[in-house]
Amino acid sequence: MYKIAVAGTGYVGLVAGVCFAEMGHQVTCVDIDENKVNLMKSGISPIYEKDLQELMQKNYNTGRINYTTNYQAAYKDADAVFLGVGTPEKADGSADLSSIATVARQVAESVEKDCLVVVKSTVPVGTNDKVEQFIQDFLVHNVNVEVASNPEFLAQGSAVHDTLHAERIIIGTETEWAEKILKAIYEPFHLPIVSVNRRSAEMIKYASNDFLALKISYMNDIANLCELVGADIQDVAKGMSYDERIGAKFLNAGIGYGGSCFPKDTQALDYLAKQNGYELKTVKAGIDVNKEQKTVLYKKASNRLITFSGLKVAVLGLTFKPGTDDLREAPSLENIPLLLEQGSDVYAYDPVGADNFAKVYPEGLHGKGNITYVDCVEDALQDANVCFVFTEWGEVKATTPQKYQELMRTPLVYDGRNIYDVEEMKQAKVEYHSIGREPGKRQVTKESAYDFQST
Ligand code: NAD
């Protein structure tokens, strides 16, 4: 059992802390946000993730996890301090490392015994070397502090599962001492561990994320061409998926990737390459395709309609993917302002993301347009002139083509997640536009459709 402190209680830090506690370690989670800390102490998770709140309560009740803003108390006698603070994108595309630097300084000034500092946050290659030097420079007590890299690969929406059943744990260390401690911390998880040096570990994270982002952009690029030449992207993806070198996952076409990782990590790797005098042409292309893709349905609808002004527009899904309340880089954030600018009357539904969206766009008038949040799919669709599907939530997928026909004033649907069968929509007399699929063309049958992993 190790005494672990975790800095930052977002998607990465809180989930890691809770899972370490679940594995028997003694964990203190530190955050600068006092409201969050009080919420967590009262047993409520500040973020929506399946199973998280239950595990928080269970481990809090057994005394294996605690929450605090008092970093000195948490860091001073910790065996390991994990960093899960944010590394958002700066205006120039580089990663903002200010929170990492703040925690590094706090650790240096607090630790009173030998301690392993483990960077879980996604940081550019070489950052861990700097963090170690920075800590040595500001160290107050005569103790040994080393830094290890342990990038995180969880996906929001399945973060707890992904942590407890990770496909691999990457550990990047420079000494046997650091490697031994980190392996011992992860020993109770019984997961495959890949042990490399720090810089390789940092690069594994970026190379993996950027590869996945590229895969999405590649399929979206092909989908756009499919539309022009009369091919069907789902049939194409199915045919591709049998090739094990390609794999069956992440082949869905849609309105582009969002979230807190792919957009900023592609930008950060592009920036890192440029800084080193190299141009990563593939990653750059992936970024460009994604930028265009986010508004591809809005552009289609603009070509179809004379105006959005005065139209009731149903928006189904606000979060960047199902299973999370996270809106970062979600297509909704790109499209809804465009709809409001054009004077649409937007009725938005999202099972968990509406409160967060309303913080950015409170209910009411925004320029020429109005936004209202509703509690169910039906209320959004009622009397709507047009509908956009941005997130493939279960309740949206379960909405039948007949419902669109019955409830909408004009059943005109733009689906950014390809969740409906083109033929069924046609039979229900719904004018249906999706990504990379020709209306009226034969679709992959339900029985034979491959289970592509959602992006
Ligand atoms: P987040 O923004 O959800 O959470 C960061 C937390 O850190 C916030 O609660 C903030 O209050 C806290 N914080 C800021 N400064 C602090 C300080 N000095 N001390 C203690 N807490 C502090 O971030 P996230 O989504 O969990 O991402 C964290 C890192 O992990 C990023 O580098 C991200 O790229 C990476 N990552 C994220 C995911 C993901 O799916 N979200 C997956 C893999 C990796």
Side-chain angles (χ1 to χ4, degrees), residues 5-19 28-40 45-50 52 67-75 78 81-90 94-110 117-124 127-128 131 149-163 166-170 201-202 204-210 212-213 257-269 319-321 323-330 356 455:
V6 182
T9 58
Y11 294 86
V12 166
L14 181 56
V15 173
V18 168
C19 291
T28 306
C29 290
V30 180
D31 207 289
I32 46 171
D33 185 335
E34 206 163 334
N35 291 334
K36 244 183 185 182
V37 168
N38 289 335
L39 208 62
M40 292 186 288
S45 171
I47 52 167
Y48 176 78
E49 273 298 332
K50 189 172 179 292
L52 183 59
Y67 310 98
T68 184
T69 52
N70 183 351
Y71 65 83
Q72 287 104 333
Y75 302 157
V81 178
F82 282 76
L83 271 60
V85 292
T87 50
E89 187 183 329
K90 288 206 283 199
S94 63
D96 181 346
L97 299 175
S98 53
S99 295
I100 295 278
T102 303
V103 179
R105 179 97 189 232
Q106 291 169 338
V107 168
E109 290 171 355
S110 307
V117 172
V118 187
V119 178
K120 258 202 168 304
S121 305
T122 306
V123 292
T127 303
N128 281 291
V131 171
S149 169
N150 172 219
E152 181 53 62
F153 296 91
L154 63 79
Q156 283 175 232
S158 53
V160 171
H161 176 273
D162 292 352
T163 304
E167 285 158 326
R168 81 297 206 191
I169 305 290
I170 302 292
E202 291 168 320
I204 288 170
K205 175 61 192 173
Y206 277 107
S208 301
N209 261 13
D210 287 24
L212 293 173
Y257 57 76
S260 62
C261 292
F262 291 168
K264 81 171 174 61
D265 293 348
T266 42
Q267 293 289 359
L269 194 62
T319 55
F320 83 92
K321 66 190 249 183
T324 179
D325 57 351
D326 199 343
L327 296 171
R328 287 178 278 189
E329 304 278 344
N356 282 344
T455 54

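Note that ligands are numbered from 1 as they come in the structure, with each ligand's atoms numbered from 1 the same way. A quick note: this is a predicted structure, and the numbers were derived from the prediction, not measured.
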Closest heavy-atom pair and its distance - [X], [Y]:
{"X": "C29", "Y": "G17", "value": "SG-CA, 4.2 Å"}
{"X": "P46", "Y": "M40", "value": "CD-CG, 3.6 Å"}
{"X": "K205", "Y": "P151", "value": "CB-CB, 3.5 Å"}

Exercise. Hey, what do you get for CD (E152) to OG1 (T163), rounding to the nearest 0.5 Å?
Worked result: 5.0 Å
For this session: First locate atom CD1 of I100, then atom OG1 of T87, and finally report the distance between them rounded to the nearest 0.5 Å.
Result: 6.5 Å
Whether the side chain of [X] engages the backbone of [Y] through a donor-acceptor N/O pair (distance < 3.5 Å, no angle test) should be reported.
{"X": "N150", "Y": "I170", "value": "yes"}
{"X": "E89", "Y": "A95", "value": "no"}
{"X": "S94", "Y": "K90", "value": "no"}
{"X": "D325", "Y": "N356", "value": "no"}
{"X": "E202", "Y": "N128", "value": "yes"}

For this session: Before giving the answer on side chain to side chain donor-acceptor pair (under 3.5 Å), spell out for S98 and D96 the whole-Å C-alpha distance, their side-chain angles and the decisive distance to 0.1 Å.
Result: CA-CA 6 Å; S98 53; D96 181 346; 2.7 Å; yes
Which bit of [X] is near ligand 1, meaning a heavy atom under 4.0 Å away: side chain, backbone, both or neither?
{"X": "C261", "answer": "side chain"}
{"X": "S260", "answer": "side chain"}
{"X": "L154", "answer": "both"}
{"X": "R328", "answer": "side chain"}

Identify the closest protein heavy atom to [atom]: which residue and atom is it, and at what distance?
{"atom": "atom 5 (C) of ligand 1", "result": "G86 N, 3.8 Å"}
{"atom": "atom 4 (O) of ligand 1", "result": "G10 CA, 3.2 Å"}
{"atom": "atom 24 (P) of ligand 1", "result": "Y11 N, 4.0 Å"}
{"atom": "atom 40 (O) of ligand 1", "result": "Q156 OE1, 3.1 Å"}
{"atom": "atom 14 (C) of ligand 1", "result": "I32 CD1, 3.7 Å"}
{"atom": "atom 18 (N) of ligand 1", "result": "V103 CG2, 3.5 Å"}
{"atom": "atom 33 (C) of ligand 1", "result": "K264 NZ, 3.8 Å"}
{"atom": "atom 7 (O) of ligand 1", "result": "G8 CA, 3.4 Å"}

Option of least heavy-atom distance to [atom] (set: [options]):
{"atom": "atom 29 (C) of ligand 1", "options": "V85, T87, L97, D162", "answer": "V85"}
{"atom": "atom 6 (C) of ligand 1", "options": "D326, T69, D31", "answer": "D31"}
{"atom": "atom 43 (C) of ligand 1", "options": "K36, K120, E152", "answer": "E152"}

For this session: Show the numbers, then the answer: is there a side chain to side chain donor-acceptor pair (under 3.5 Å) between S260 and Q156?
Result: CA-CA 9 Å; S260 62; Q156 283 175 232; 3.1 Å; yes
For this session: State whether the shortest distance between N or O atoms of T122 and N or O atoms of ligand 1 falls below 3.5 angstrom.
Result: yes
Problem set entry | Test of proximity, V12 against ligand 1: N or O pairs below 3.5 Å | yes
Exercise. In terms of atom number and element, which parts of ligand 1 are under 4.0 angstrom from non-hydrogen atoms of K205?
Worked result: 43 (C)
For this session: Enumerate the atoms of ligand 1 whose separation from the nearest heavy atom of Q106 is less than 4.0 angstrom.
Result: 18 (N)
